[in-house]
Number of protein chains: 2
Amino acid sequence: MTAPRRRSAPATRAAILDAARERFGTTGYDRVTMRQVAGDVGVDPAMVVRYFKTKEDLFTEAARFDLGLPDLDGVHPEDLAAVLMPRFFAVWEGDAGFLSLLRASASSDAAGAKMLELFAGQVYPALAAAAVDRPAERASLLGSQILGLAFARYVLKVPPLVAMSRDDLSEWVAPVFRHYLTGPPTVC
Amino acid sequence: MTAPRRRSAPATRAAILDAARERFGTTGYDRVTMRQVAGDVGVDPAMVVRYFKTKEDLFTEAARFDLGLPDLDGVHPEDLAAVLMPRFFAVWEGDAGFLSLLRASASSDAAGAKMLELFAGQVYPALAAAAVDRPAERASLLGSQILGLAFARYVLKVPPLVAMSRDDLSEWVAPVFRHYLTGPPTVC
DNA sequence: CCGTCAAGTCACCGACTGTTGACTTGGAGG
DNA sequence: CCTCCAAGTCAACAGTCGGTGACTTGACGG
């Protein structure tokens, strides 16, 4: 059961990626140093640049993931929150990839662009399927509520929001989800 | 009409503060250098540290301001958005002080604490006056929506949200404001 | 006209950053 | 056992950062 003094290349690569995700998620892009990431894994900083050419490339890889949003076509408006919120908690409380991106997008245009890309590629298609009209506006509004909730709960850690149970939170936002996707205004 | 080669001390101090606000608001704390700020004003970097002892002190001063929230006591729930949204636009589209704080709070615990402080000191008291019960939870939820809207519109610049008029935006969020402050759930 | 004091400049320090290239070491295959 | 190549280390570079302290310059009062 002796730990091997030398890992396989994919194993160290994965370990570095995990450490990077964790650091980026808790500290933000700029305040993370490659030496810190290397130190977390117990490896020389040169290894980080060996496997991920540059810091930005490392971040790009760390901030890529699948939101796993379900198909909302045919879901009853009343059930939207019940379907979406479990994914919300899974994504934001899981590995810190998404938090990294959120933190970084606050101070980097490049990261902001990645966030928009992710929205366009995964969030918008899922939400648009449940919108009665004006899918872009409705999806964006709902997205802003989700983003704000994540920012307040997981970044700022606003005490009342941190203290709320998942069920209570889902109950609170359910009417909002319904309103943004199916409520007025329908006319111009 | 010759420009004076030498300013008064308060004038340079104010100029530096303005430049810092602008930089912090558009680039974020970490990516702003004191040399940039000094350069914007056309002054030696040493002047910045002369008037604001340290970079963090400069930021602290740049991120302090008054939201100017009105008294919501007695305001009809239907009119909440009509009263609050003008302040929203004024604050986020005015001088970049608040944007600085939002950007910085994504990657700095110190800035995050300042944001919480500001919420507790100005946002919470105003919103709590209009909440029918559970003021902390209701105000936090509404705050998260406001924060998310600002983040999506002014930081990420989500195209559909940027394109929406102020009136349309107010109309969309009005039912949400009403729900968070006066809607269910009332029971535990 | 000149001394004085604040406003502003200058050169520089030490620390830290991302990144590089040459070196060393370990372990599996012949 | 020895060889060899990948896995990992080491020292160092070039650049930038925040911050310091001694110096210079300008305007104004006597």
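Chain letters run A, B, ... following the sequence lines, proteins first and then strands; every chain starts at 1. All of these numbers come straight from a predicted model, not from anything done at the bench. These numbers come from the heavy atoms of this one structure, side chains and all, not from hydrogens, waters or symmetry mates.
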Let me know the distance between CG of B/D57 and C1' of D/dG19, rounded to the nearest Å. 13 Å
Do B/E93 and B/F88 have side-chain heavy atoms sitting under 4.5 Å apart? no
Tell me what A/A9 touches on the nucleic acid: a base, only sugar-phosphate, or nothing, going by heavy atoms under 4.0 Å. sugar-phosphate
Spacing between B/D44 atom CG and C/dC10 atom P, to the nearest angstrom: 7 Å
Would you kindly compare A/V32 and B/A46 by the position of their nearest DNA chain C nucleotide and give the one closer to the 5′ end? B/A46
Have a look at A/V37 and say if it touches a base, only the backbone sugar-phosphate, or nothing, with a 4.0 Å heavy-atom cut-off. nothing
Between CG of A/D30 and C1' of C/dG18 the distance, given in whole Å, is 13 Å
Would you kindly give the CE-to-P distance between A/M47 and D/dA6, to the nearest whole Å? 13 Å
Answer yes or no: are there more than 12 heavy-atom neighbours, outside B/D109 itself, under 6.0 Å from its atom CG? no
Report which part of the nucleic acid B/F52 touches: base, sugar-phosphate, or nothing (heavy-atom distance under 4.0 Å, all strands). nothing
Picking from D/dG19, C/dG18, D/dC10, the nucleotide nearest the side-chain atoms of A/R35 would be C/dG18
Please confirm whether the shortest side-chain N or O distance from B/T54 to OP1 or OP2 of D/dG19 is below 4.0 Å. yes
Determine, stepwise, if the pair B/E61 / B/R21 fulfils salt bridge (charged side-chain N to carboxylate O under 4.0 Å, His left out). CA-CA 9 Å; B/E61 200 130 349; B/R21 247 190 273 264; over 6 Å; no
Between C/dC10, D/dG19, C/dG8, which one does the side chain of B/Y51 approach most closely? C/dG8
Hey, is the side chain of A/T12 poking within less than 4.0 Å of OP1 or OP2 on D/dA7, counting only N and O atoms? no
Would the number of heavy atoms belonging to other residues, nucleotides or ligands and lying under 6.0 Å from CD of B/E56 be above 12? no
What is the distance, rounded to the nearest whole Å, between atom CE of A/M34 and atom P of D/dC10? 18 Å
Nucleotide C/dA15, atom C1' - distance to CZ of A/R31 in whole Å: 17 Å
Between P of D/dG18 and CD of B/E56, the distance in whole Å: 12 Å
Rounded distance (Å) that lies between atom P of C/dT25 and atom CZ of A/R50: 16 Å
Are side-chain heavy atoms of A/L101 and A/K114 found at a separation under 4.5 Å? yes
